[in-house]
Enquirer: 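Below: one structure in structure tokens.
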Amino acid sequence: MNQKMYQYKVFVCRDEKATAIACAKALIKVVKNKPNACLGLATGGTCIPVYEAMVKDYLEKHTNYQKIKTFNLDEYINLNPLYIHESYRAYMNYRLFSKINIPLKNTHFPSEKKPNEYESLIKKNGGLDVQIISLGHNGHIAYNEPGSALNSITRIINLTPSTIKANARFFENNSKMVPRKAVSMGIKNILDARKIIVIITGVGKAEAFKHILKNQYDVNWPCSVIIFHKDVEIYVDAKTAKVAGYKK
């Protein structure tokens, strides 16, 4: 593969809480430096304390989100109405959007009906200034599961059994209730962001982090694609970094 590789920056934080706070500060810095920035956002358990820290900052320091625009990585398809509160739109509204001064019209999610129009919408708004991503246990980023192509764009994806099993905790541990499909940004979309922030917390993600540290692209570990981006910051808790074998 002749694609150019770059060196990422790794910030090891004391614990998971400190990791989330550091990640939030990095996002807030983008907002303050560019009041009309486009933020690429993620969901999942890893990002909950990140958004809590952003809300705390907003309440205490009044960071202004009035002109900020957001584009989330993904959304479930065919979500059972009993679990509509587990949609990623509901997640973001509850965790962040309703608690800061961002207009809801400025918040966007990919559409299962017209997934290929998401790129155009992002480009129309100037492109993503930053994209935050967390890692799946199998190394997926957004819902780009192992085997996803480097040039993949927003599309409908079949979730793997391991991802369905991991997400069951949000559905009363009933994997039958977890949607089998999602619409997700592709790897190309993520790499198109001007900056990527990666948050890694919990030793369960150590194996995925280990595959980043190999500095070698592996199609079976989608997270390894970050070596092809020139501006990546990785925030990881000390315990996970140690298990992954990270050394400064």
Side-chain angles (χ1 to χ4, degrees), residues 1-30 39-54 73-74 128-148 150 160 162-163 165-167 169 185 187-248:
M1 181 169 293
N2 54 13
Q3 192 158 343
K4 188 172 181 179
M5 298 194 309
Y6 299 90
Q7 185 59 48
Y8 43 80
K9 299 174 184 175
V10 178
F11 299 91
V12 178
C13 305
R14 182 180 66 256
D15 53 27
E16 293 186 22
K17 182 178 180 181
T19 305
I21 291 173
C23 188
K25 286 181 177 178
L27 287 171
I28 292 165
K29 182 179 179 181
V30 173
L39 309 182
L41 301 180
T43 50
T46 303
C47 288
I48 290 174
V50 176
Y51 299 138
E52 288 175 347
M54 291 176 72
L73 285 170
D74 40 34
L128 297 176
D129 291 289
V130 62
Q131 176 66 63
I132 179 174
I133 60 172
S134 60
L135 312 182
H137 289 82
N138 63 357
H140 75 236
I141 52 176
Y143 276 124
N144 295 287
E145 300 282 14
S148 295
L150 267 175
T160 63
S162 64
T163 295
K165 182 179 179 181
N167 287 5
R169 68 188 190 278
M185 274 194 210
I187 290 176
K188 180 182 181 299
N189 307 131
I190 293 170
L191 292 177
D192 280 345
R194 296 182 184 93
K195 182 183 191 71
I196 295 176
I197 292 174
V198 184
I199 178 169
I200 307 172
T201 55
V203 294
K205 305 296 179 70
E207 188 65 24
F209 185 31
K210 190 181 297 184
H211 280 80
I212 292 176
L213 296 175
K214 289 181 178 180
N215 294 313
Q216 183 177 350
Y217 173 62
D218 184 345
V219 69
N220 293 312
W221 289 88
C223 58
S224 65
V225 302
I226 67 166
I227 63 175
F228 298 137
H229 196 283
K230 63 182 179 181
D231 188 1
V232 176
E233 294 180 359
I234 298 176
Y235 294 86
V236 58
D237 67 273
K239 187 175 181 180
T240 301
K242 183 178 180 179
V243 172
Y246 173 72
K247 297 178 181 179
K248 290 185 179 180

Enquirer: State which residue, out of I199, T19, V243, fulfils the side-chain contact (heavy atoms from CB on, under 4.5 Å) condition with D237.
Expert: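 Considering I199, T19, V243, a side-chain contact (heavy atoms from CB on, under 4.5 Å) with D237 is found only for T19.
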
Enquirer: Does any part of the side chain of V236, heavy atoms only, come nearer than 4.5 Å to the side chain of V10, both counted from C-beta?
Expert: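 Yes; the side chains approach each other to less than 4.5 Å.
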
Enquirer: Is a side-chain donor-acceptor pair under 3.5 Å present for T163 with E145?
Expert: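 Yes - a donor-acceptor pair under 3.5 Å links their side chains.
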
Enquirer: Evaluate the criterion ring-ring contact (aromatic ring centres under 6.0 Å, His included) for residue pair Y217 and F228; output intermediate values, then yes/no.
Expert: CA-CA 9 Å; Y217 173 62; F228 298 137; 5.6 Å; yes

Enquirer: Drop me the distance from K247's NZ to K242's NZ, to the nearest 0.5 angstrom.
Expert: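 It is 11.5 Å, given to the nearest 0.5 Å.
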
Enquirer: Are K239 and V203 close enough that some pair of their side-chain heavy atoms sits under 4.5 Å apart?
Expert: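 Heavy-atom side-chain distance check passes, below 4.5 Å.
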
Enquirer: Who are the salt bridge (Lys or Arg N to Asp or Glu O under 4.0 Å) partners of K165, not counting sequence neighbours?
Expert: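 Listed in chain order: nothing, the list is empty.
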
Enquirer: May I ask you to say whether D192 pairs ionically with K188, meaning some side-chain N is under 4.0 Å from a carboxylate O?
Expert: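 Looking at D192 and K188, the cut-off is met.
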
Enquirer: Looking at every non-hydrogen atom in both residues, tell me the closest pair between Y51 and A42 and how far apart they are.
Expert: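 Scanning both residues completely, I find the closest heavy atoms to be OH-O, 2.5 Å.
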
Enquirer: Do I132 and L27 have side chains that get closer than 4.5 Å, going by heavy atoms?
Expert: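 Heavy-atom side-chain distance check passes, below 4.5 Å.
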
Enquirer: Compare every heavy atom of P146 with every heavy atom of N220, then report the nearest pair and how far apart it is.
Expert: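 In terms of heavy atoms, the two residues are closest at O-CB, 3.4 Å.
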
Enquirer: So which atom in H211 and which in E207 form the shortest heavy-atom distance, rounded to 0.1 Å?
Expert: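 Of all heavy-atom pairs spanning H211 and E207, the closest is ND1-O, 2.9 Å.
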
Enquirer: How many angstroms lie between atom OG of S224 and atom CE of M5, to the nearest 0.5 angstrom?
Expert: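 With rounding to 0.5 Å, OG (S224) is 10.5 Å from CE (M5).
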
Enquirer: Is there a side-chain contact between N215 and Y8 (heavy atoms, below 4.5 Å)?
Expert: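 Side chain of N215 against side chain of Y8, heavy atoms only: contact under 4.5 Å found.
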
Enquirer: By the ring pair (Phe, Tyr, Trp, His ring centres under 6.0 Å) test, which pairs, at least two apart or in different chains, include something from residues 129-148?
Expert: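 Qualifying pairs, neighbours excluded: H140-Y143.
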
Enquirer: Would you name the heavy atoms of I200 and I234 that are closest together and state the gap between them?
Expert: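 That closest heavy-atom pairing would be CD1-CG2, 3.7 Å.
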
Enquirer: Which atoms form the tightest heavy-atom contact between V12 and A238, and what is the distance?
Expert: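 Looking at all heavy atoms of both residues, the shortest contact is CG1-CA, 3.6 Å.
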
Enquirer: Is the shortest side-chain heavy-atom distance between T201 and T240 below 4.5 Å?
Expert: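 T201 does not reach T240 side chain to side chain.
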
Enquirer: Checking side chain to side chain contact (heavy atoms under 4.5 Å, CB included) for the pair T160/N138: CA distance, chi angles, key distance, verdict?
Expert: CA-CA 10 Å; T160 63; N138 63 357; 3.7 Å; yes

Enquirer: Would you say CZ of R169 has more than 12 non-hydrogen atoms from neighbouring residues, nucleotides or ligands within 6.0 angstrom?
Expert: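 More than 12 heavy atoms, drawn from other residues, nucleotides or ligands, come within 6.0 Å of this atom.
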
Enquirer: Do D231 and I196 have side chains that approach each other closer than 4.5 Å (heavy atoms only, starting at C-beta)?
Expert: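 D231 does not reach I196 side chain to side chain.
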
Enquirer: To the closest 0.5 Å, what do you measure between CD1 (I133) and SG (C223)?
Expert: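 Answer for the CD1-SG pair, I133 versus C223, is 8.0 Å.
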
Enquirer: Just so I know, are the side chains of L41 and L73 near enough to count as touching, which here means a heavy-atom distance under 4.5 Å?
Expert: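 Contact flag for L41/L73 side chains = no.
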
Enquirer: Kindly give the heavy-atom pair with the smallest separation between I197 and A26, and that separation in Å.
Expert: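 Smallest interatomic distance, heavy atoms only, reads CD1-CB, 3.6 Å.
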
Enquirer: Atom CH2 in W221, atom CG in L135: separation rounded to 0.5 Å?
Expert: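 Between W221 CH2 and L135 CG, I get 9.5 Å after rounding to 0.5 Å.
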
Enquirer: Could you tell me the separation between the CG atom of N189 and the CG atom of N144, rounded to the nearest 0.5 Å?
Expert: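 Spacing of CG (N189) from CG (N144) equals 8.0 Å.
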
Enquirer: Which one of H229, Q131, E233 satisfies the side-chain hydrogen bond (donor to acceptor under 3.5 Å, both in side chains) criterion with K195?
Expert: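 That would be E233.
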
Enquirer: Measuring from L150:CG to I187:CD1, what's the distance to the nearest 0.5 Å?
Expert: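 That separation rounds to 6.0 Å.
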
